[in-house]
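See structure below.
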Amino acid sequence: MQKFLIKDLAAQVGNEITLKGWASNKREGKGLAFIILRDGTGWCQCVVAQENVSDTCFEEAKKVSLETSLEITGKVVKDEKQIGGYEIQVSNLHIIGHSSDYPIAKKEHGVDFLTDNRHLWLRSQRQWAIMRIRNRIIFAIHEFFQKDGFVQMDAPIFTGNACEGTSNLFETDFYGDPAYLSQSGQLYGEAMAFSLGKIYTFGPTFRAEKSKTRRHLSEFWMIEPEMIFHDIFDNMDLIERFLRAVVTAVLNDCEKELELVGRDTAILKNIIKPFPRLTYDEAVKIIKGEVDVNGKNAIQSLEDELVLVNKRINTVEEEIKTREEKIKTPGMKKGEIGFNQAQIDKLKQELSDLEEQNRNIPQWLNSARNFEYGNDFGGSDETVLTRLFDVPIMVYNWPHEVKAFYLKRDPNDSRFARGVDTLAPEGYGEIVGGGERETDVNLLINKINEHQLPMEAFEWYLDLRRYGTVPHAGFGLGLERLVTWICKLPHVRESIPFPRMYGRLLP
RNA sequence: UCCUUCUUAGCUCAGCUGGUUAGAGCACAUGACUGUUAAUCAUGGGGUCCCUGGUUCGAGCCCAGGAGAGGGAGCCA
């Protein structure tokens, strides 16, 4: 077992202790080696000075390469310059497992390579920070619901019926019968709420969507609370309190991790402000640019963005050119060439992202301008809308045709269903979908027929209305999308330890 | 399913109008340097230019087909 951990070094200043872990980096000088040790709880520089250790020990230190596992004994010294604020002056060192040609270098890598090496990528600092934030989010979710009187219950993963239609389901063999991997625990959640009042499920969800976008996974974790005697407005109140609690927990406890992922926390701190609530009608007007919000016009701001993107493309191209010229000047130091080369690589990465945006934004503009009233929002519409806000927004009262069969019709206007989507700001889009459920058995039967779903598979669900129906509501939160927004990640793939995506099953 | 971008060393990328022996940085190996922060400096090894076919005196570069990856639309949390 490990007696001492890097995170606890503060209490050990002046003491000689033994740490166990991996070498995440090493720098060498004459008679001196600096090993950055990581043990899962943090990073710490260990200094091996030839004069302080035996010759065999120093030879051993020289053999340490990236990700070699080792045991290090030495004195803990305070040193503000270092990552964790402490340093080990090594007196003894012992290699546990060698590591040669570790594939992930101390440099930028492409996504394909990193995803192929996810099992090793997880060891890097940024991924470590994301996983810790993910963990804090999960814990905060449980804390919030448990304190609020919810009971955690589990929906089955094998299901015989499709919740919202048969497409996008992974089919498996269940003793000779077709079974589907759950794409939502929602219907089961309703049954469980009718027993325990307020429940939430927390489990994996599977969608066979052939989507290759920055916000889709084939396997993701969903949190689905369901509450009796809640209407859509109670539901929105809960969503708001819930998200506020989770984000606040991360802000309070993950300062270091947020810094490591480079998250500007100013926008997260806005979470204390009330979430704007828009009806579908209001949101459509904003998307189409007919109504301004916060002094900003959706179409205009997107057009401005396009201009900025183009300007930035020019600047970046110029800078690449300048640096390429600079490299060619004779007599330049090798180190300076390397530095410029690295800058050029970074700029090229930015350039290809910008060019991507340059291709996408005109499409989004087109789709926003021509948005047809009555349609569901597409990914780009959500982006266009949420770019204008600095807090999550809630859009409710959707045209009933575009939403799931189990949503309640608005009693004041039957064209609308009482669904609510919560969209994360900064262009991130939908993180929560939910609503008030239909309570009338006959309206439900009509809807099931309209959607051409197999009635026999839903008989048990209809029983919930036959035996003491009550008003109830709930929602589903996509954990990875929340992690992605809170960390401001460029892609969901970094928000889960081993992402399962269209075309990705390994590692 | 459709649109779009890409594929050159282990990794990240150059490679001009089609021209002779394909380059750089990182990583790796050896050596130098007592305090480095992606350390630095010197030397060295390392290539099926994604695959198949075509055009050409000549293809990493042009054409056709295929494979793989990125992003987007649809669909969705």
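Note that the structure is predicted; figures quoted are calculated from it, not measured. Proteins get letters first, then strands, A, B, ... in listed order; numbering begins at 1 in each. When reading the values below, keep in mind they use all heavy atoms of this one structure, side chains included, and skip hydrogens, waters and symmetry mates.
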Could you write out RNA chain B as a dot-bracket string, with dots for unpaired bases, | for bases paired across to another strand, and Watson-Crick or G-U pairs counted at under 3.5 Å? (((((((..((((.....[...)))).(((((.......))))).....(((((..]....))))))))))))....
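Looking at A/Arg277 and A/Asp237, a side-chain N of the basic residue comes within less than 4.0 Å of a carboxylate O on the acidic one, giving a salt bridge. Taking a cutoff of 4.0 Å between a charged side-chain nitrogen and a carboxylate oxygen, A/Glu219 and A/Arg207 do not qualify as a salt bridge. We find that A/Glu257 and A/Arg263 are not joined by a salt bridge, their nearest charged nitrogen and carboxylate oxygen being 4.0 Å or further apart. We find that A/Lys256 and A/Glu259 are not joined by a salt bridge, their nearest charged nitrogen and carboxylate oxygen being 4.0 Å or further apart. A/Glu480 has a carboxylate O that lies under 4.0 Å from a charged side-chain N of A/Arg134, or vice versa, which qualifies the two as a salt bridge. The pair A/Arg437-A/Glu226 meets the salt-bridge criterion, with a side-chain N (NZ, NE, NH1 or NH2) lying under 4.0 Å from an Asp/Glu carboxylate O.
In this structure, the CG atom of A/Leu365 is 13 Å from the P atom of B/A73, given to the nearest Å. In this entry the distance linking CG of A/Asp353 with P of B/A69 reads 19 Å, nearest Å. One atom, CH2 of A/Trp398, and another, P of B/C75, lie 12 Å apart when rounded to the nearest Å. Atom CZ of A/Phe206 is separated from atom C1' of B/C76 by 16 Å (rounded to the nearest Å). The CD-P distance, from A/Glu372 to B/G74, rounds to 13 Å in whole Å.
Using a 4.0 Å heavy-atom distance criterion, A/Glu87 is classed as a base contact. Residue contacts shown for A/Asp421 are absent, as no nucleic acid heavy atom lies under 4.0 Å away. As judged by a 4.0 angstrom heavy-atom cut-off over every strand, A/Ile431 is placed among residues touching the sugar-phosphate backbone only. Nucleic acid contact for A/Asp79: base, since at least one base atom lies under 4.0 Å from a heavy atom of the residue. Within the nucleic acid shown, A/Ser367 has no heavy atom closer than 4.0 Å to any nucleic acid atom. Within 4.0 Å (heavy atoms only), A/Gly110 reaches sugar-phosphate atoms of the nucleic acid but no base atom. Note on A/Glu209: a base of the nucleic acid sits closer than 4.0 angstrom, heavy atoms only. As judged by a 4.0 angstrom heavy-atom cut-off over every strand, A/Gly379 is placed among the base-contacting residues.
Here A/Lys212 reaches the OP1 or OP2 of B/G70: one of its side-chain N or O atoms lies under 4.0 Å away. Listed pair A/Arg27 / B/U36 fails the phosphate criterion, with no side-chain N or O lying under 4.0 Å from OP1 or OP2. Put simply, A/Arg214 has a side-chain N or O that comes within less than 4.0 Å of OP1 or OP2 on B/G72. At B/C13, none of the side-chain N or O atoms of A/His109 fall inside 4.0 Å of OP1 or OP2 (strictly under the cut-off). Residue A/Lys348 places at least one side-chain N or O under 4.0 Å from the OP1 or OP2 atom of B/A14. Proximity of A/Gln349 to the phosphate of B/C13: a side-chain N or O atom is located under 4.0 Å from OP1 or OP2.
For a distance-only test at 3.5 Å, the side chain of A/Gln357 fails to qualify as a donor-acceptor partner of the base of B/G72. Evaluation of atom-type donor-acceptor distances gives no pair under 3.5 Å for the side chain of A/Ser211 against the base of B/C76. Put simply, the side chain of A/Glu356 and the base of B/G70 share a donor and an acceptor less than 3.5 Å apart. A donor-acceptor contact under 3.5 Å is formed by the side chain of A/Gln45 with the base of B/U36.
Nearest-nucleotide positions on RNA chain B for A/Glu28 and A/Phe113 put A/Phe113 closer to the 5' end. When the nearest nucleotides of RNA chain B are assigned to A/Gly433 and A/Met501 by heavy-atom distance, the more 5′-ward of the two goes with A/Met501.
Side-chain rings of A/Phe275 and A/Phe389 stay apart, their centers remaining 6.0 Å or farther from each other. Residues A/Phe202 and A/Phe145 keep their aromatic ring centres 6.0 Å or farther apart. For an aromatic pair to be called close, the ring centres must be under 6.0 Å apart, and A/Trp398 with A/Phe377 satisfies this. Between A/Tyr461 and A/Tyr406, the ring centre distance reaches or exceeds 6.0 Å.
For A/Leu32, taking side-chain heavy atoms from C-beta onward, the closest of the listed nucleotides B/G71, B/U34, B/C76 is B/U34. The A/Asn360 side chain lies nearest to B/G71 when the options are B/G71, B/A38, B/A69. With B/A73, B/U1, B/A77 as the candidates, the nucleotide lying closest to the side chain of A/Lys210 is B/U1. Here the side chain of A/Arg504 is nearest to one of B/G70, B/U36, B/G72, namely B/G70. Among the nucleotides B/U4, B/U12, B/G72, the one closest to any side-chain atom of A/Arg359 is B/U4.
Taken residue by residue, residues 215-222 of chain A places heavy atoms nearer than 4.0 Å to RNA chain B at A/Arg215, A/His216, A/Leu217, A/Phe220, A/Met222.
Residue pairs meeting the salt bridge (Lys or Arg N to Asp or Glu O under 4.0 Å) criterion with at least one partner in residues 366-382 of chain A, sequence neighbours excluded, are A/Glu303-A/Arg369.
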